[in-house]
Amino acid sequence: MEELLAKAKEAIHKSYAPYSNFKVGASLLTSGGIFTGANIENISYSATMCAERVAVFNAISNGEMEFEAICVYHNGEQMPYPCGSCLQVLSEFVVAEDFTIYVANDYKVEQYTLAQLLPVKFEGDLDV
Ligand code: THU
């Protein structure tokens, strides 16, 4: 956990958040190592991407799809609880009960499973 938090704190330096000024760093523990991400905003607002999904896409585009835990860090007073879209994206690749989510700010760290934060998910409408 300490290493994951340290990497999330490092990743926040890459955040591009000129509109909200709310910086987030994420670090994802995979079977092939730790991959990081930071939130990247856009002037259109809706094209903004969260730190968690940047970390997930970073891992997958580097060939890693086995995830164990993620740490999400904000350098302020608010807690950066992952949004629904990020939880849904994570749920594609993990067993929700076995995947740990650490949410951290400068004052505390909370620990959850994905199953706690996303008890149900969209499972598709096709028989694939
Ligand atoms: N954001 C994240 O990167 N992750 C979260 O856990 C919640 C929100 C970003 C999106 C946007 O750049 C900024 O925080 C404010 O919503």
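Note that ligands are numbered from 1 as they come in the structure, with each ligand's atoms numbered from 1 the same way. Note: hydrogens, waters and symmetry copies are ignored here, and every other heavy atom, side chains too, is used.
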_Over 12 non-hydrogen atoms of neighbours within 6.0 angstrom of CE in Met1_ = yes

*Does some side-chain heavy atom of Phe57 sit less than 4.5 Å from a side-chain heavy atom of Val89?*
yes

*Residues lining ligand 1 [heavy-atom distance under 4.0 Å, listed by chain and residue number]*: Ser20, Phe22, Val24, Asn39, Glu41, Thr48, Cys50, Ala51, Glu52, Pro80, Tyr81, Pro82

*Verify the neighbour count for atom CD of Glu66: are there more than 12 heavy atoms of other residues, nucleotides or ligands below 6.0 Å?*
no

*Heavy atoms only: give me the nearest Glu41-Tyr19 pair and the separation to one decimal.*
OE1-N, 3.1 Å

_CD/Glu3: more than 12 non-hydrogen atoms of other groups inside 6.0 Å_ = no

*asked:* Could you check whether any side-chain N or O of Asn58 sits under 3.5 Å from a backbone N or O of Thr36, counting only pairs where one atom can act as donor and the other as acceptor?
replied: yes

